[in-house]
Amino acid sequence: MFTQTVTRRGRRYALLELLAGPHGVDRFTELVDPTWTRGEARARIVAVRHTTPRSVTLTLEPNRAFSGFRAGQHINLSVEIDGRRRTRPYSPASAETDRYIELTVGRHDGGLVSNFLFERARAGMVVGLDSVGGDFTLPGSPVDQILFISGGSGITPVMSMLRTLRVQRYAGEIVFIHYARSAEEACYRAELADIAGVLPNVTVLQGYSAASAGSDLKGRFGAEHLAAAGFRRTSSLPAGRTTPKSQAVYVCGPPSLTEAVRQHCPNAITESFVPPVFDLAAESSGGRVTFANSGVEVTDDGRPLLDQAEAAGLTPESGCRMGICFSCTRRKTGGAVRNVITGAVSSAEEEDVQICVSAPVGDVALSL
């Protein structure tokens with residue numbers, strides 16, 4: 001019965017789309033409310049909180065077109081700034097089962113979108129939720145012990161994991177280590193303390209800079225911090241135990257932190273919130289790059305298509321050049337491209353490519 005009802009609704013919507021003409025139903029319903037769209041995920045900001053001097057926490061109410069996320073994944077948030085759509089990836093801090101999405105955005109010097117949200121986000125503002133991605137997620141099978149390590153704004157995806165585990169009534173041991181410049185700038189400090197005070201299986205340690213008071217840990221991450229948290233990295237068995245503990249280690253933060261953690265926990269699952277370093281040393285193919293829609297043609301200089309388009313005077317939409325926000329995706333109608341992060345070459349005649357991380361291999365035609 002339910003399946004039949006859904007099918008009938010789908011047919012009715014398809015008929016309405018046809019009757020609405022080339023613009024579709026969404027283009028009429030969004031005139032009443034910008035979030036009344038079936039085909040485009042959007043959200044309304046319902047609350048704005050400045051919880052630290054350098055961050056803003058947004059509570060979003062997504063529309064029905066948003067299909068959800070897994071704890072630890074990122075959402076590509078879009079806002080309009082000075083007439084241009086800007087997209088950046090942010091990891092929710094809310095549990096994956098929550099009705100509302102909570103995003104805590106750290107303000108970065110020179111950050112266009114982060115500063116816009118910090119200064120101008122307000123209740124009632126509508127933002128786009130372009131896509132969800134990332135494999136920085138909780139283990140597929142239960143483990144006995146989980147170690148979360150975060151630095152700065154890297155706390156958000158692991159906070160989502162912790163909140164999700166709490167909803168799931170996870171009974172294993174959780175150790176949470178967070179690093180910040182000071183107690184004042186430590187996001188979720190009070191909530192983490194409350195959780196650790198209520199749940200006996202959760203241990204929380206905060207590490208601040210040497211000049212900051214109230215730090216549980218001194219210096220940078222190392223073996224002594226693991227020992228302070230009571231986290232066992234070896235497979236040695238305590239008395240009375242016949243099998244080793246199964247463990248999972250997650251770290252999100254600047255590269256220096258993720259690298260330090262991997263020295264002690266080689267199997268750690270890591271995520272860094274800065275653009276990856278990729279090889280741009282490849283020589284020019286000497287091919288012809290055609291931006292068909294603009295009538296512009298250039299000779300390949302070896303850089304990604306986005307850089308070459310901007311050098312030619314074009315202004316394609318783009319995000320952070322991390323290869324994950326998808327806002328710069330364009331249709332390639334001919335030729336081959338190389339992904340400058342993975343090195344993979346794709347020669348499909350018709351395909352969508354992310355021009356921020358795609359460099360030409362010979363002649364290339366692009367719908368731009």
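- Nearest heavy atom pair, residue Gly302 against residue Ala359, reads O-CB, 3.9 Å.
- Closest approach of Gly214 to Tyr208, counting heavy atoms only: O-CE1, 3.5 Å.
- With salt bridges taken as basic N to acidic carboxylate O contacts below 4.0 Å, one links Glu119 and Arg107.
- Val46 belongs to a hydrophobic cluster whose other members, connected by ILVMFWY side-chain contacts under 4.5 Å either directly or through intermediates, are Tyr100.
- Residue pairs meeting the salt bridge (charged side-chain N to carboxylate O under 4.0 Å, His left out) criterion with at least one partner in residues 95-106, sequence neighbours excluded, are Arg49-Glu102, Glu61-Arg99, Glu102-Arg163.
- Residues Phe291 and Val361 do not share a hydrophobic cluster, defined by chaining ILVMFWY side chains whose heavy atoms lie under 4.5 Å apart.
- Scanning all heavy atoms of the two residues, the minimum distance from Pro92 to Gln73 falls at CD-O, 3.2 Å.
- A distance-only check finds a donor-acceptor pair linking the side chain of Ser215 to the backbone of Leu217 [under 3.5 Å].
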Would you check, one step at a time, whether the test side-chain contact (heavy atoms from CB on, under 4.5 Å) holds for Leu226 with Cys265? CA-CA 10 Å; Leu226 288 175; Cys265 306; 4.2 Å; yes
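- The closest donor-acceptor contact from the side chain of Tyr250 to the backbone of Thr137 lies under 3.5 Å.
- In summary, the aromatic rings of His50 and Phe118 are positioned with their centroids under 6.0 Å apart.
- Ile81 and Ile75 fall within a single hydrophobic cluster, where Ile, Leu, Val, Met, Phe, Trp and Tyr are joined by side-chain heavy atoms under 4.5 Å apart, directly or via other members.
- Distance alone, capped at 3.5 Å, places no donor-acceptor pair between the Arg42 side chain and the Val126 backbone.
- Proximity of a side-chain donor or acceptor of Asp144 to a complementary backbone N or O of Ser246 within less than 3.5 Å is detected.
- Checked against a 6.0 Å centroid threshold, the rings of His264 and Phe221 count as neighbours.
- The closest donor-acceptor contact from the side chain of Asn115 to the backbone of His108 lies under 3.5 Å.
- When hydrophobic clusters are built by joining Ile, Leu, Val, Met, Phe, Trp and Tyr residues whose side-chain heavy atoms come closer than 4.5 Å, directly or via intermediates, Val167 is not grouped with Met161.
- Across all non-hydrogen atoms, the minimal contact from Gly151 to Leu257 is N-CD2, 3.7 Å.
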